[in-house]
Protein chains: 2
Amino acid sequence: MTDKQRHSWVSIRDSIREMILNSTYGPGDKLPRDEEFAAQFGCARSTVHRAMRDLAQSGLVERRRKGGTTVRRDPVTRATLNIPITRLEVEQKGSTYGYQLIRQSVQPTSPAIMANFALPEARPMLRVEALHLADSRPYIFEDRWICLETVPEITSVDLTRESANEWLVRNRPYSRCDLRLYARPGSASDSEILQSNPGDALFVMERTTWIGEAPITSLSAVAHPGYQLFTQG
Amino acid sequence: MTDKQRHSWVSIRDSIREMILNSTYGPGDKLPRDEEFAAQFGCARSTVHRAMRDLAQSGLVERRRKGGTTVRRDPVTRATLNIPITRLEVEQKGSTYGYQLIRQSVQPTSPAIMANFALPEARPMLRVEALHLADSRPYIFEDRWICLETVPEITSVDLTRESANEWLVRNRPYSRCDLRLYARPGSASDSEILQSNPGDALFVMERTTWIGEAPITSLSAVAHPGYQLFTQG
DNA sequence: GACATTATTATGTAGCTACATATTAATGTA
DNA sequence: TACATTAATATGTAGCTACATAATAATGTC
């Protein structure tokens, strides 16, 4: 009678990871088939499969049907960013949240926004410029474009009271989100809105979302000097 | 005889997501049990389970044993960052990669690095300052600390030829990675190394990794002006 | 030999059962 | 009433079978 202890997929995953890290299998090598691993570990193929899926998702191995599983030649660092509603971010730091609508107007899509959405032609969109505050100090300034064809209800929302950020996130789940992060020097208008000094280094988050193929919103959020973005382990 | 078409977990997930988005279930609401959904959709509980796991991972719902599944009151945007080896990043842009070791020395941990690792006391570490180049132009400058207790072999690696980035990623998989992103104005030494102008806005990525509880490396990578970080959809 | 067709193969998914685990609700006892 | 113990419950996981799918290898035809 063989030893029939239960193997968790986590322990299987760790065993395989260990083998990769101690060079039993090196970069580019083909790993045994799931079934072979299952026999080796004395567990079911489904358990190996789950372990492998996790390793593949974390970027350590690559899987292809028929092709089998190979150790990635060039491992990537994968990190998950958690971007909450700005109000919550502020409140979780123990600060008081404030919000201020600056401008709002219907405009045809600018070339930059068309590029973000990969749109071939301009569409009518609502452009909303607003400021998020923490303890009455500027926190994040957002310049947002909302597609009126996809989100017509936005015109009947009072954006002086509720931020477009909050309304959209609560009412319009998205199926795809593109993110772009970079630094840029603060302009004169930045320093006016964010009460920063001209030439300050500003952290910019550009975010574009779709539901299916339909564009929802594209925005550039400029944070106050000193802002930091973390991963949540 | 009931209609026995196969339901993929993806379609089940999308159906449930759709219900949440069209307010069949609102923020904070408790969703039916997996079994009930399974009966409703005419599929197995395991299929609903997989759909739910995905929704939970993407941040739309929260699951708790016995507590059931609830729609998150405050949805978060979750994005996965793909951070490849710097050499690959450069090569994938079609540029020629270059590498240059600037300084290397054994030092006791600085307070900032101790904080990154959450270490109670200083440990001997190898500090490596190096520059990554794209088409002979500065691309990313990294200031890296490597824990000698966890990675003693690093002392026998010729870091003038191989970057610590590459050696570590190939030889030392990690189990935990903390990431911090921010912008900071370039200092005089930055502008010398990165050939930037003083006052340029620089994008900084701080990365700290562990294997189990043991610290591996902590680094601050400063990118050349104009650098952008993307999510890979 | 070039190209279309047909096996082969390893991963991916759906469905089932059984049991594990965490957490809440119910119950019993001082 | 207060607190410990026990039952109930929804999700989580392991194992199994069967079939789907994609990609490669083998084969056949001109």
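Note that the structure is predicted; figures quoted are calculated from it, not measured. What's counted below: heavy atoms across the whole structure, side chains too, no hydrogens, waters or symmetry copies.
A donor-acceptor contact under 3.5 angstrom links the side-chain atoms of A:R45 to the base of C:dG12.
Atom CZ in A:R50 sits roughly 6 Å away from atom P in D:dA14 (whole-Å rounding). One atom, CZ of B:R65, and another, P of D:dA10, lie 14 Å apart when rounded to the nearest Å. Counting to the nearest Å, the C1' atom of C:dA26 and the NZ atom of B:K66 are 10 Å from each other. Between the CG atom of A:D34 and the P atom of C:dT9 there is a distance of 16 Å, given to the nearest Å. For A:R63 and C:dT13, the CZ to P distance is 10 Å, given to the nearest whole Å. Remark: C1' of D:dA10 and NZ of B:K30 are 8 Å apart, rounded to the nearest angstrom. As a whole-Å value, the separation of A:R33 CZ from C:dG12 P is 14 Å. Atom pair A:D54:CG and D:dT13:P shows a separation of 11 Å (rounding to whole Å applied).
Comparing D:dA23, D:dT13, C:dG15 against the side chain of B:S46 picks out C:dG15 as the nearest. The A:C43 side chain lies nearest to D:dG15 when the options are C:dT24, D:dG15, C:dC16.
The only member of A:L219, A:T217, A:T209 that meets side chain to side chain contact (heavy atoms under 4.5 Å, CB included) when paired with A:L168 is A:T217.
Checked by atom type and distance alone, the side chain of A:D29 never pairs as donor or acceptor with a backbone atom of A:Y25 at under 3.5 Å. Side-chain N or O atoms of A:D135 include one that pairs as donor or acceptor with a backbone N or O of A:T96 at under 3.5 Å.
Using a 4.0 Å heavy-atom criterion, one finds that B:G67 contacts no nucleic acid atom at all. When heavy atoms are screened at a 4.0 angstrom cut-off, A:T47 is found touching the sugar-phosphate backbone but no base atom.
Between B:T69 and the phosphate of D:dT11, there is a side-chain N or O to OP1/OP2 separation shorter than 4.0 Å.
Counting only residues at least two apart or in different chains, side chain to side chain donor-acceptor pair (under 3.5 Å) contacts with residues 40-52 of chain A comprise A:H49-A:R63.
At a threshold of 4.0 Å, the pair B:R172-B:E153 counts as salt-bridged, since one of the basic side-chain nitrogens sits closer than that to a carboxylate oxygen.
Map A:R53 and A:G68 each onto its nearest nucleotide of DNA chain C; the residue landing nearer the 5' end is A:G68.
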